[in-house]
Chemist: 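Mind having a look at this structure? Questions to follow.
Numbering of residues begins at 1 and proceeds along the displayed sequence.
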Amino acid sequence: LVLPIVNWLHRRAGLSWSLSTNVLFLALILQLIAGLAAAGLVGIQQLQGLFFTMQDFLVSLPAQIADLSRQPLALGPFVVDLTARDLSPLVDQLLASVQPLLGRVSELLTFLATGAISLLAHLVLVLAVSYFLTLDYERIRTGWSRLSVPGAEEDLRRLQQALARI
C-alpha cells in the first residue's frame, strides 16, 4: 500500500528510495501518534466522566432514598406510605450490591488498557515490517525474479506472474 506513494516521491520529488521511504514513514508515524494521542485523551475524559458520575451517584444515593422515604409514593390508585418504614437496610443492601459493580468497572479498565497496549505492540510490529520491506523493495524484487526451486519452476513462474499484478 505504501509502495506507490514512495515510488511517487522517488520519481516526482527526486528523492532517493530510502529517503522517500523515511519521509513517508515519518509522516505516517506522526499522524498515528497524533491520532492515538487524541483518541487516548478522549477515552480518558470519558472514563473520568463515568467515574465522577458514579461517585456522585453513590454519594447522593442515601440522601435521595431518605428524601424518598419522607413522602408517600403513589403508584396508580395505590399509595404507599414510606414514612413508617425504616429504609436503612434497603440503602445498605443497595450499596452492597453496587460495590461489585465498581470492581467490574476496574476490571473493564484493566482489560481496555491491556487491549490498548496490545494494539500498540501490533501496530509497531506491522510498521517495522512494512518499513523494512519497503526500504529493501528493489533487492527483494530482483531476488524474487531470480528465485529458482528445482522441480517447481512452473509453479514458481505462475506464482510470480500472479503476484506481479499486485
Chemist: Would Ile117 end up clustered with Leu112 when hydrophobic side chains under 4.5 Å apart are linked, directly or stepwise?
Modeler: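 The answer is no; the residues belong to distinct hydrophobic clusters.
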Chemist: Find the distance between CG (Leu26) and CD (Gln31) and round it off to the nearest 0.5 Å.
Modeler: 10.0 Å
Chemist: Can you confirm whether more than 12 heavy atoms, excluding those of Arg104, are under 6.0 Å from its CZ atom?
Modeler: no
Chemist: Hydrophobic cluster membership, with links at side-chain heavy-atom distances under 4.5 Å among I/L/V/M/F/W/Y: are Phe132 and Val2 in one?
Modeler: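 Hydrophobic grouping puts Phe132 with Val2.
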Chemist: Can you tell me how far the OG1 atom of Thr21 sits from the CG atom of Leu133, to the nearest 0.5 Å?
Modeler: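 If we round to the nearest 0.5 Å, Thr21:OG1 and Leu133:CG are 11.0 Å apart.
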Chemist: Got a second to check how far Leu3's CG is from Ser130's OG, nearest 0.5 Å?
Modeler: 9.5 Å
Chemist: Can you check whether Gly151's main-chain N or O pairs, donor with acceptor, with Glu153's side chain at less than 3.5 Å?
Modeler: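 Yes; at least one donor-acceptor contact below 3.5 Å.
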Chemist: Please work out whether the ring planes of Phe25 and Tyr131 are parallel, tilted or perpendicular, with thresholds of 30° and 60°.
Modeler: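 Perpendicular: the ring planes of Phe25 and Tyr131 meet at over 60°.
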Chemist: How long is the span from the CG atom in Leu120 to the CG atom in Leu125, to the nearest 0.5 Å?
Modeler: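 So the gap between those two atoms works out to 12.5 Å.
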Chemist: To the nearest 0.5 Å, tell me how far Leu50 CG sits from Leu109 CG.
Modeler: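 These two atoms lie 8.0 Å from each other.
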Chemist: Give a yes or no answer on whether the side chain of His10 reaches the backbone of Val6 with a donor-acceptor pair at less than 3.5 Å.
Modeler: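 Side chain of His10 to backbone of Val6: no pair is present.
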Chemist: Does atom CZ of Arg12 have more than 12 heavy-atom neighbours from other groups under 6.0 Å away?
Modeler: no
Chemist: Please answer whether the main-chain N or O of Thr134 pairs with a side-chain N or O of Trp17 as donor and acceptor at a distance below 3.5 Å.
Modeler: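 It does hold such a pair.
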Chemist: If you compare all heavy atoms of Ala96 against all heavy atoms of Pro100, which two are closest, and at what distance to 0.1 Å?
Modeler: O-CD, 3.0 Å
Chemist: Locate the shortest heavy-atom distance separating Leu1 from Pro4; write the atom from each residue and the value.
Modeler: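 Leu1 and Pro4 have their closest heavy atoms at O-CD, 3.7 Å.
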Chemist: Grab the two heavy atoms, one from Ile29 and one from Leu127, that are nearest each other, plus how far apart they are.
Modeler: CG1-CD1, 4.2 Å
Chemist: Should Leu123 and Ile33 be counted in the same cluster of Ile, Leu, Val, Met, Phe, Trp and Tyr side chains packed under 4.5 Å apart?
Modeler: yes
Chemist: If only atom types and distance count, is the side chain of Ser118 paired as donor or acceptor with the main-chain N or O of Thr114 below 3.5 Å?
Modeler: no
Chemist: Please check if atom CD in Gln161 has more than 12 non-hydrogen atoms from other residues, nucleotides or ligands closer than 6.0 Å.
Modeler: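 Atom CD in Gln161 is crowded, with more than 12 foreign heavy atoms closer than 6.0 Å.
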Chemist: OH/Tyr137 to CG/Asn7 distance, rounded to the nearest 0.5 angstrom?
Modeler: 8.0 Å
